[in-house]
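Everything on this sheet refers to the single structure shown next.
Just so it is clear, the model here is predicted, and its values are computed rather than measured. Just so it is clear: chains get the letters A, B, ... in the order the sequence lines come, proteins before strands, and each one is counted from 1.
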Amino acid sequence: MNERQLFTKLLKKCSKNYLLDRGKQVHGAVEIFGFGRDLVLNNDLVDMYAKCRRMDLACSVFDRMPERNVVSWTALMCGFLQNGDAKTSLSLFSKMGLSAVKPNEFTLSTNLKASGILGIAENGKQIHGVCAKSGYECVPVVSNSIIDMYSKCDRISEAARMFNVMPVKNLISWNAMIAGYTLKRNGEEALKLFRMMQERGEAPDEYTYSSLLKACGCLGAVREGTQIHASLITQGFPYLVQSTVSGALVDLYVKCRNMVEARRVFNQIEQNNVISWNSLILGYAQEGNLPETMNLFQLLRESKHQVDGFLLSSLIGVFADFALVEQGKQMHAYTVKVPYGLEISVANSILDMYMKCGLTDEADALFREMPVRNVVSWTVMITGFGKHGIGKKAVDLFNEMQVDGIEPDSVSYLAVLSACSHSGLIKEGQEYFSSFCRNQHCKPQVEHYACVVDLLGRAGRLKEAMDLIEKMPLKPNVGIWQTLLSACRMHGDVEMGKHVGDILLRLDGNNPVNYVMMSNIYADAGYWKESENIRYVVKRKGLKKEAGCSWVEIDKKVHFFYNGDENHPLTEKIHGILKEMEKRMKEEIGYVHNTKFSLHDVEEESKVESLRFHSEKLAIGLALLSGGPKDGQRMIYVFKNLRVCGDCHTFIKGLSKFLKIVFVVRDANRFHRFENGICSCGDYW
DNA sequence: CACCTGGTGC
């Protein structure tokens, strides 16, 4: 072996093992031995510095090269891509196009990948054109990259077309296509492709399994996921102690709410990485296991891994869902101290947390302070104000956002439309909807139509709402019919309600909510027999609604209540104070139990006894028992997982009037702010 | 010099 070959071999070894200092020594030797102008060795040097994450040094070698070939260019582009700078790779690609050097399959693949990462379909399509013209399209590396690029650019059908016409598919082609479907949350197609792969006798590898397990997680397909897990074990799959496949397994079990199994897989992994840590911690948080969440969070901080923005924003998101203000504030304080706390997604999750906990002022102050805001930041605020029934502010923000130069996307349109419907801003809502229809970039989805149906329904324009559903270019879903059905009930339109109910039950006959709504419509109109019949069907089918649960925070401790719950140590006293309130309300403002408005409730709850002990009332009872609002604020916050029932709504309105207390209730749909006998929802929710 | 993998959010 001559010296030149030796240097190449040494440099490759440095690249592979990220040995920067050793690489620098070899670089020095290359110069001393007079190989400073050697093309191949310079290419190796560029690659070595790039792999050692020193793009500055890679560039200086590249710049001083007397001549460059396609390998020199590609090594540099690759380096930028691997260091997270896809943009520079693409601009180098166009710079290279001006020189005489022609791209090869490596160059094309690298820049297809860069386009995919940036999600720029136009760019990728252009490179695809170059591939087609030069004949590289048929080289597997290139076609695989094309599949990857299209699926990352949200053009899954073009990815599938490439996959289908490829004359030779290798394992990576299958993996890329399965990953593409998984990315778009199309778990069914991913599993279908996997079955096809098995029929053809293709052996899967760890990439295939990672994607597949993710697909199962998206589908909530516990059975398929467990099967795959079992077959990995029986095959003696060598990767189960490694983090990638097992990380996907941990996440699968977390998504399927099986924390015992998730923990078991996690414990088996020899080298856990941040991702599996994050999955596990989030899993504990989502099931409300706060001690284990914080325990693991602490262990992670003590480990060699770094807490990242991903974990922070998702953890804060869980606190927001549970309305754990104290935990949320603690986390906010923590984010201020760490560098990744500055990430915009973390700031957005904090905004969202304050909004979901009812602290609009805190959110607003933080929002105004943020140095950088993106469309998500604005959308969080618009959604938040919308759910508080402060439609004016939501609308103003939506307009201000556009003045600020940020284009609304389909989620922000949803936010503003829903804000309009929650606040009864009918005209404004319709205007935003038509401007959305004229938008070049995105089209309304079923959810947007549902907002407009709600808007029209609220105004009693049921016929127009029905027309809209029938004329819209999309297939109506369960949600949109439910919206119309609610409107039918609110306006006492039994005939249309019956029609809509029939459609709904045919579409989704296993959701008890649909039956309850129908039953209530009949009951309101005095059709007792029909109402009973429907309730009977629910019983016969054994359909169960999610258990109603409310909670309230008192002295930094959260108390949970279920409907009719008698587990709280103060139950008797809570019942006592609620009965006393009812009595006073009856005498002072003529309150009677309102069974008519049990719209969102199910089963035997129409009985006065059970209405009295709905979870939200129990929570309020405890808050009153503990001396009412603290800190001089005349406010009590209560949170509920389902929608607040009509009777409770009337009850709380009454309470707010004669106790002179403001009650804020967050239900599954929006905030209700009760003040002096009036609710911010205007009795329509 | 290259292609495919795992965790948030409205």
Side-chain angles (χ1 to χ4, degrees), chain A residues 12 15 43-44 46-47 50-51 69-79 81-82 103-113 116 139-149 151 170-180 182-183 204-214 217 239 242-252 254-255 273-283 308-318 320 343-353 355-356 374-384 386 409-415 418:
Chain A
K12 290 241 153 77
S15 290
N43 287 345
D44 291 335
V46 170
D47 179 56
K51 291 279 190 315
N69 63 5
V70 62
V71 179
S72 338
W73 284 94
T74 308
L76 196 65
M77 292 172 194
C78 246
L81 190 63
Q82 280 160 355
N104 64 9
E105 67 269 38
F106 297 102
T107 327
L108 293 168
S109 157
T110 300
N111 288 289
L112 283 163
K113 185 174 179 178
V139 178
V141 182
V142 175
S143 6
N144 292 342
S145 301
I146 293 172
I147 295 174
D148 175 57
M149 179 274 295
S151 39
N170 61 18
L171 176 58
I172 294 171
S173 326
W174 289 93
N175 287 350
M177 203 55 228
I178 290 177
T182 308
L183 195 69
D205 67 355
E206 74 265 34
Y207 287 90
T208 327
Y209 283 119
S210 307
S211 294
L212 272 180
L213 290 167
K214 185 182 171 182
Y239 301 100
Q242 281 179 17
S243 48
T244 323
V245 173
S246 297
L249 265 174
V250 170
D251 193 56
L252 170 76
V254 164
K255 285 216 171 69
N273 61 11
V274 192
I275 292 176
S276 39
W277 275 93
N278 287 359
S279 289
L280 198 70
I281 293 177
L282 219 58
D308 62 10
F310 238 91
L311 178 60
L312 286 181
S313 52
S314 31
L315 211 48
I316 293 170
V318 178
E343 285 176 29
I344 194 155
S345 59
V346 174
N348 289 343
S349 69
I350 297 172
L351 287 182
D352 189 44
M353 186 268 297
M355 275 298 188
K356 285 194 177 140
N374 63 11
V375 68
V376 178
S377 332
W378 290 89
T379 307
V380 167
M381 298 302 288
I382 296 167
T383 306
D409 61 2
S410 74
V411 189
S412 43
Y413 269 114
L414 192 64
S418 138

Whole angstrom is fine here: how far is it from [atom1] in [X] over to [atom2] in [N]?
X: A/Ile178; N: B/dC3; atom1: CD1; atom2: P; answer: 19 Å
X: A/Lys214; N: B/dG6; atom1: NZ; atom2: P; answer: 5 Å
X: A/Asn273; N: B/dT5; atom1: CG; atom2: C1'; answer: 11 Å
X: A/Ile146; N: B/dC3; atom1: CD1; atom2: P; answer: 14 Å
X: A/Met149; N: B/dC4; atom1: CE; atom2: P; answer: 12 Å
X: A/Leu183; N: B/dC4; atom1: CG; atom2: C1'; answer: 12 Å
X: A/Leu81; N: B/dC3; atom1: CG; atom2: P; answer: 7 Å
X: A/Asn175; N: B/dC4; atom1: CG; atom2: C1'; answer: 5 Å

Counting just side-chain N and O atoms, does [X] come under 4.0 Å of either OP1 or OP2 of [N]?
X: A/Gln82; N: B/dC1; result: no
X: A/Lys51; N: B/dC1; result: no
X: A/Lys255; N: B/dT8; result: yes

Not counting sequence neighbours, which residues clear side-chain contact (heavy atoms from CB on, under 4.5 Å) with A/Ser210? List them please. A/Thr244, A/Val245
What pairs with A/Ser143 under side-chain contact (heavy atoms from CB on, under 4.5 Å), at least two apart in sequence or on another chain? A/Met162, A/Met166
Between [options], spot the one nearest the side chain of [X], thanks.
X: A/Tyr207; options: B/dG9, B/dC4, B/dA2; answer: B/dC4
X: A/Lys113; options: B/dC10, B/dT8, B/dC3; answer: B/dC3
X: A/Asp47; options: B/dT8, B/dC10, B/dC1; answer: B/dC1
X: A/Phe310; options: B/dG6, B/dC10, B/dT8; answer: B/dT8
X: A/Ser345; options: B/dA2, B/dG9, B/dC4; answer: B/dG9
X: A/Leu282; options: B/dT8, B/dA2, B/dC1; answer: B/dT8
X: A/Ala179; options: B/dC4, B/dG6, B/dC1; answer: B/dC4
X: A/Asp148; options: B/dT8, B/dC4, B/dC10; answer: B/dC4

Which residues share a ring pair (Phe, Tyr, Trp, His ring centres under 6.0 Å) with A/Tyr413, sequence neighbours left out: A/Phe398, A/Phe436
Identify whether any heavy atom of [X] sits under 4.0 Å from a base atom; if not, whether one sits that close to sugar-phosphate; answer base, sugar-phosphate or nothing.
X: A/Asn348; answer: nothing
X: A/Asp308; answer: base
X: A/Ser211; answer: sugar-phosphate
X: A/Thr74; answer: base

Assess, by modelled atom type and distance only, whether the side chains of A/Ser349 and A/Ser313 contain a donor and an acceptor separated by less than 3.5 Å. no
Polar side chain donor-acceptor pair, A/Asn144 to A/Asn175, under 3.5 angstrom: no
Determine which bases of DNA chain B form Watson-Crick or G-U wobble pairs with both distances under 3.5 Å, and write the result as a 5' to 3' dot-bracket string with | for other-strand partners. ..........
Sequence neighbours excluded, the answer for salt bridge (charged side-chain N to carboxylate O under 4.0 Å, His left out) partners of A/Lys356 is A/Asp321, A/Asp352
Can you list everything that forms a salt bridge (charged side-chain N to carboxylate O under 4.0 Å, His left out) with A/Lys113? Sequence neighbours excluded, please. none
ring centroid sep under 5.5 Å plus plane angle under 30, A/Phe106 with B/dC1: no
Interatomic distance, A/Glu105 atom CD to A/Leu112 atom CG [nearest 0.5 angstrom]: 12.5 Å
So how far is it from A/Ile172 CD1 to A/Asp205 CG, rounded to the nearest 0.5 Å? 8.0 Å
